[in-house]
Amino acid sequence: MNIFLIGMMGAGKTYWAQRIADKLQSDWIDLDQMIEKETSMTIKEIFETNGEEFFRQKERDVLHTLSAIKNIVIATGGGTPCFHNNMEWMNENGITIWIDEPLHVLLKRLLPEKQNRPLIQNLSDDELTIFLSDKMEERKLYYSKAQHHVSGEKISLQDFETIFAKYV
């Protein structure tokens, strides 16, 4: 079964995908990296040249190609669950886990890399705080549809192992 990691940008989806895959002795992918490979453009370039609507459609298309791959851990983009019924599709095609980090943790991680993130690259630090707070509230509706939820400042591999034990 595939494992889909969802959550805000900066929540650690790619970090945890790698660790979970190592633990389960499976492969992992980052959905944004797959989109970049398929389009031969960075996410930032896609947003700048084709806009968010194009990106979200491409994201959905690439996500759906994953149904042909089994036993893989997928780090999705922060907005992936919020468009094109992606959350429902992921729930039907694997295990979904919402990684829910507090706002101050997200800020600490995202401030140094703002320039690489199209949705936040032009925001001041204060604007970033407001943006993330608003996005967290807006996306909670979608994220809460995940089958599992891990949260807190000290998320560990054991949190995920507890979830996987239910499927053995």
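- Side-chain atoms of Tyr143 come within 3.5 Å of backbone atoms of Gly78 as a donor-acceptor pair (strictly under, hydrogens ignored).
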*Carefully, step by step, assess Asp134 and Glu138 under the rule side chain to side chain contact (heavy atoms under 4.5 Å, CB included).*
CA-CA 6 Å; Asp134 290 347; Glu138 171 189 316; 5.7 Å; no
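- Note on residues 57-83: pairs passing ring pair (Phe, Tyr, Trp, His ring centres under 6.0 Å), not counting sequence neighbours, are His64-Trp89.
- Tyr142 pairs by the side-chain contact (heavy atoms from CB on, under 4.5 Å) definition with Pro81, Cys82, not counting sequence neighbours.
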*Start with the C-alpha gap between His104 and Glu153, add the side-chain angles, then the distance that decides, and say whether side chain to side chain donor-acceptor pair (under 3.5 Å) holds.*
CA-CA 10 Å; His104 71 274; Glu153 292 182 48; 3.3 Å; yes
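- No side-chain heavy atom of Ile6 sits under 4.5 Å from any side-chain heavy atom of Ile99.
- Using modelled atom types, no side-chain atom of Asn91 and backbone atom of Ala146 make a donor-acceptor pair closer than 3.5 Å.
- Residues Ile46 and Thr42 fail the side-chain proximity criterion, which asks for heavy atoms closer than 4.5 Å.
- In this structure, the side chain of Thr162 engages the main chain of Gln158 through a donor-acceptor pair within 3.5 Å.
- Although no hydrogens or angles enter the test, the distance criterion places no donor-acceptor pair under 3.5 Å between the side chain of Glu36 and the main chain of Met41.
- One finds no salt bridge joining Asp30 and Lys13 here, because no Lys/Arg side-chain nitrogen approaches an Asp/Glu carboxylate oxygen to under 4.0 Å.
- With sequence neighbours excluded, the residues satisfying ring pair (Phe, Tyr, Trp, His ring centres under 6.0 Å) with Trp16 are Phe160.
- Judged purely by atom type and a 3.5 angstrom limit, Asn2 uses its side chain to pair as donor or acceptor with the backbone of Ile72.
- The ring of His148 has its center no closer than 6.0 angstrom to the ring center of Phe4.
- Remark: side-chain polar atoms of Ser133 are not paired, donor with acceptor, to backbone N or O of Ile130 under 3.5 angstrom.
- Taking both residues in full, the closest heavy atoms of Leu106 and Met9 are given as CD2-O, 3.5 Å, listed atom of the first, atom of the second, then distance.
- Residues satisfying the ring pair (Phe, Tyr, Trp, His ring centres under 6.0 Å) criterion with His149, sequence neighbours excluded, are Trp98.
- A donor atom on one side chain and an acceptor atom on the other are not found under 3.5 Å apart for Gln18 and Asp22.
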*asked:* Run Phe55 and Asn50 through side chain to side chain contact (heavy atoms under 4.5 Å, CB included) and show every step you take.
replied: CA-CA 7 Å; Phe55 170 77; Asn50 299 305; over 6 Å; no
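- Between Ile95 and Gln147, the shortest heavy-atom distance links the atoms CA-OE1, 3.0 Å.
- Cation-pi check for Arg56 over Phe54 is not met; the charged atom does not lie both under 6.0 angstrom from the ring centroid and within 45 degrees of its normal.
- In terms of the side-chain contact (heavy atoms from CB on, under 4.5 Å) criterion, residue partners of Asp126 (sequence neighbours excluded) are, by chain and number, Ser124.
- Although no hydrogens or angles enter the test, the distance criterion places no donor-acceptor pair under 3.5 Å between the side chain of Arg139 and the main chain of Gly7.
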*asked:* Working note: Met90 + Leu63, criterion side chain to side chain contact (heavy atoms under 4.5 Å, CB included); need CA distance, chi angles, decisive distance, verdict.
replied: CA-CA 9 Å; Met90 289 185 286; Leu63 178 68; 4.1 Å; yes
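- Using a 4.5 Å cut-off on side-chain heavy atoms (C-beta onward), Phe131 and Leu119 make contact.
- A distance-only check finds a donor-acceptor pair linking the side chain of Thr76 to the backbone of Leu5 [under 3.5 Å].
- Using modelled atom types, one side-chain atom of Arg109 and one backbone atom of Gly10 make a donor-acceptor pair closer than 3.5 Å.
- Distance alone, capped at 3.5 Å, places no donor-acceptor pair between the Asn93 side chain and the Ser67 backbone.
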*Apply side chain to side chain contact (heavy atoms under 4.5 Å, CB included) to the pair Val73 and Asp27, showing each step before the final yes or no.*
CA-CA 6 Å; Val73 182; Asp27 290 326; over 6 Å; no
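- Of the N and O atoms on the side chains of Ser26 and Asn71, not one donor lies less than 3.5 Å from an acceptor on the other residue.
- With sequence neighbours left out, the salt bridge (charged side-chain N to carboxylate O under 4.0 Å, His left out) criterion links Lys70 to no other residue.
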